[in-house]
Structure formats: structure tokens, C-alpha cells
K.L.:
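Dumping the structure here so I can ask a few things about it.
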Amino acid sequence: MTVDKFPDRVIEIDQEQYLYFGGTAYLGLPTNKEFQELVIQNILNWGTTYGSSRTANIQLSAYDAGESFLASHIGSEKTVTVSSGMLAGKLVLEKLKKETDCFYHLNEIHSAIQIENSFPILLNGKLNDRLLDSKPEKITILTDGVPSFETKPADLSFLEKISKSKAITLVVDESHSLGITGKNGSGIYSSIEFPVKRKIMVSSLGKAFGLTGGVIASDSEFINQIKELETFTSAAGMNPAFVQTLSDAREIYKIQHQKLLDNLNYIDSILIKNSTILFDKNYPLIYLLSNELVEKLKHENIIIASFRYKKEAEPLNRIVITANHLKQDLDKLLNVLNDFNYRF
């Protein structure tokens, strides 16, 4: 299905209108007029792109403004922006593989933080025995903030059970939690208080925050080390107009986040819960386990997100709620879901 304009809450396919519950614009910012005006004004000031290295002799104040806002919002000592969430993940791995004895991953993680020869944290539902032995090691644990096909942040309580002989670095990909979970959408980084030597957050900014780019958040020492990597110094930075907009739009983010929460609370008050639908009122995704229900929604002119992360995998069907959805949109969606649920 191909559309000719940004797919917001309503899309047109073959001259027919559909309600759209897909994408990743959780805060509804790409079509938000006030947000667009900020972007336009910053493009007029900073241009459409800036191809120079971040270490060049001319420095742009936009980066200081945007990265200071992100550090405050996320609750980290420091942040650095890059051109994409994928690059953010790969830069962190490039740095850590030089100082990590062993990598571990929790569940199926996004490719941005995947690395060869990483071991699963859980084997047959139990903590990997390698994490329990007394061998002194520097280990890095990789996890998504909210795992795929889940509606709650990753359970990190296993960290307390890892042998004290392990020096733990925790890397969390918050591409689908930054801007959504936590106070005002701060994500989960600041709430992680488990015993780790260092915690690092990477995230796309092209999801909830509505701007093409990525961010790395951690302590000041680590961020400064990232800035010294040749991959970072030889690459152009995130569009400075977009980085400046991050700071300028801080109040818009709060307003849109509250609208999103209001929509989720409304759904929670009406949706009939059962085992074919996975939903949590604090997260804007509804996972559907029934292909029949997906077809029923389409018959009612409702299009949801359906895609494969891997070529051979089954389609992942999910309803995406945004701050832009209106009450009547949600009512139509809920009528279909609840009518289907009565049969179970």
C-alpha cells in the first residue's frame, strides 16, 4: 500500500479513506503545526543540513542546546546526538568491544545493538550459568527498553543475581520507550538503579521525538570517549536545525505526551481484555494475536502496522496509538475489538 502524504491518523488508499493505527510517531509530531513551525524556523537559521565534522574548528550552539535538553530530560550526566539511532548503537558497540570480555543479550534485541558472539542472558528460563561463576570479567549486557511484542519495560531484576565478580555495563536501546514511558516521556534510563558499573542509553529520535537522528546518553566520561572515536569525528552530525528543535520543543513534548496518556487511559477504560490482545495503559502499542482480527479491522477501514523484522518470521501485527488520534477514532477501533472479544 502506497500513500502520497505523511500517514497520520487518516490515510487514503485507492481514493478510499482509512483510519491508520501504525507507524512510530507516538507523539504525533510530524504533522503538529506548532512543531513544524519550530522546525521551519530552525531550518531558516541553521540550513537544511551541515556536513562538517563535530570536531571542526567552527562549533554550532544548536548541539549544546539540544544535547543539554536531552541530558536533562533523560536524567543522564551527558548526551551526544548522531545522525541515526542505528549509528548511536554501532558507536557504543565499537567502543565497548575494546573493553568487554563478554557480551550478553536479553531476548531478541534490535539490530542496532546486536554484536557477534553475544550470549543469551536466559537459557531455558534461567540465568546463564556463566553469569553466576566467580571468574572476574568485564561484561556488557544489551537489551531493548521495551522488548519486541511486549508492552512493559524489560525486567532487569536479574542484574541483582549476577556474580559480584562481574563488572557490568548495561546498554539499553530506548527507541520505543524514550518519549513514551517515565515522567513526561523521559524513558527508563533514570529509573535503572541496579548494581552496574556503567549504564548507557541509545535511542532513535525519529520515533516519539519526531526528528531524524539518534542519541547516546551516559556519564560524561563515556560520552567524551564516544566523541573521540574516528567513526564519530569523521561523520557529519545530526541536522543542527533538528537538534535545536529538540530544545525549543520541550513544552510541546509535554503537551503531546499528556494527550497520548489520555488516549491510552480512555482505551483502558473501554477495551475488553482477553488473551488475543496484549495491551497496557502505559504503552501505545496493542499487539494482536489473531490474523482474523487484522482482516476484520481492514474490512472496517482500519489499517494497522504489519511487518516482519526478519524475512522468515511471521508478521508482527500491532495497533499504534498516537497523541493525534481522536476520541471517535478510538471508539471505532474499540467497537471492532470489543465485538471480536465477545466471541472469546
Side-chain angles (χ1 to χ4, degrees), residues 52-56 59 63-64 66-68 70-71 73-121 130-131 135-145 154 156 159 162 165-178 187-190 192 194-206 212-238 243 246:
S52 181
S53 168
R54 288 287 304 272
T55 58
Q59 297 289 300
Y63 293 108
D64 292 331
E67 290 167 359
S68 293
L70 285 171
H73 187 75
I74 293 166
S76 64
E77 283 187 10
K78 198 169 185 178
T79 69
V80 63
T81 54
V82 292
S83 58
S84 71
M86 181 64 75
L87 180 59
K90 296 309 180 186
L91 280 169
V92 167
L93 293 180
E94 179 182 337
K95 177 70 178 68
L96 292 179
K97 69 182 180 182
K98 300 173 183 177
E99 54 195 54
T100 296
D101 296 318
C102 192
F103 285 90
Y104 294 86
H105 58 274
L106 182 64
N107 304 321
E108 291 288 330
I109 54 176
H110 192 276
S111 58
I113 55 170
Q114 288 179 6
I115 192 167
E116 291 183 355
N117 301 319
S118 175
F119 293 95
I121 290 170
R130 296 173 62 106
L131 294 168
K135 179 182 177 181
E137 284 182 306
K138 296 177 180 178
I139 68 171
T140 294
I141 291 176
L142 309 167
T143 181
D144 290 335
L156 302 177
L159 290 168
I162 294 176
S165 63
K166 314 297 183 184
I168 304 171
T169 294
L170 177 68
V171 178
V172 183
D173 185 333
E174 290 217 54
S175 296
H176 295 279
S177 51
L178 181 61
I188 69 172
Y189 177 91
S190 63
I192 299 172
F194 294 102
V196 296
K197 179 182 178 182
R198 166 172 280 156
K199 59 180 180 178
I200 303 162
M201 189 209 79
V202 300
S203 179
S204 166
L205 295 169
T212 302
V215 61
I216 304 168
S218 189
D219 56 87
S220 297
E221 180 184 13
F222 184 78
I223 296 302
N224 290 338
Q225 291 170 354
I226 288 291
K227 290 182 176 182
E228 293 173 356
L229 292 176
E230 184 178 347
T231 304
F232 177 83
T233 60
S234 62
M238 181 177 169
V243 181
L246 288 167

K.L.:
Between Ser203 and Glu174, is there a donor-acceptor pair closer than 3.5 Å when you use the side chain of the first and the backbone of the second?
P.N.:
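Yes, because the side chain of Ser203 sits within donor-acceptor range (under 3.5 Å) of the backbone of Glu174.
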K.L.:
Name the one of Gln225, Glu77, Lys78 that satisfies side chain to side chain donor-acceptor pair (under 3.5 Å) with Ser220?
P.N.:
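Going through the options one by one, the only one that passes is Glu77.
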K.L.:
My understanding is that only residues two or more places apart in sequence, or in another chain, count here; which of them pass salt bridge (charged side-chain N to carboxylate O under 4.0 Å, His left out) with Asp101?
P.N.:
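Asp101: no salt bridge (charged side-chain N to carboxylate O under 4.0 Å, His left out) contacts found.
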K.L.:
Output every pair passing side chain to side chain donor-acceptor pair (under 3.5 Å) with a member in residues 226-235, not counting sequence neighbours, ordered by first then second residue.
P.N.:
Glu94-Thr231
K.L.:
Under the side chain to side chain donor-acceptor pair (under 3.5 Å) rule, collect the residues that match up with Thr55, sequence neighbours excluded.
P.N.:
Ser53
K.L.:
Taking salt bridge (charged side-chain N to carboxylate O under 4.0 Å, His left out) as the definition, give me every residue that meets it alongside Arg130, ordered by chain and number, with sequence neighbours left out.
P.N.:
none
K.L.:
Return the set of residues passing side chain to side chain donor-acceptor pair (under 3.5 Å) with Ser118 (not counting sequence neighbours), or none when no residue passes.
P.N.:
His105
K.L.:
Can any side-chain N or O of Ser204 pair as donor or acceptor with the backbone N or O of Ser175 at less than 3.5 Å?
P.N.:
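Checking the backbone N and O of Ser175 against the side chain of Ser204, no donor-acceptor pair under 3.5 Å is found.
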K.L.:
Apply salt bridge (charged side-chain N to carboxylate O under 4.0 Å, His left out) to Glu99 and list each qualifying residue two or more places apart in sequence or on a separate chain.
P.N.:
Lys95
K.L.:
Using side-chain heavy atoms (C-beta onward) and a distance below 4.5 Å, is Leu131 in contact with Phe119?
P.N.:
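Not touching, per the 4.5 Å side-chain cut-off.
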K.L.:
Within the 4.5 Å heavy-atom criterion, are Met238 and Leu205 side-chain neighbours or not?
P.N.:
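Counting from C-beta outward, Met238 and Leu205 do come under 4.5 Å.
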K.L.:
Given side chains that start at C-beta, do those of Asp173 and Ile109 come closer than 4.5 Å, heavy atoms only?
P.N.:
no
K.L.:
So do Leu96 and Ile115 actually touch side chain to side chain, heavy atoms under 4.5 Å?
P.N.:
no
K.L.:
Would you say the side chains of Glu67 and Thr79 form a donor-acceptor pair under 3.5 Å?
P.N.:
no
K.L.:
Got a second to check how far Phe194's CZ is from Ile168's CD1, nearest 0.5 Å?
P.N.:
11.0 Å
K.L.:
Find out whether Lys199 and Ser76 are in side-chain contact, i.e. whether some heavy atom of one side chain is under 4.5 Å from a heavy atom of the other.
P.N.:
no
K.L.:
For Thr212 versus Ser83, what's the shortest heavy-atom pair and its separation?
P.N.:
CG2-O, 4.1 Å
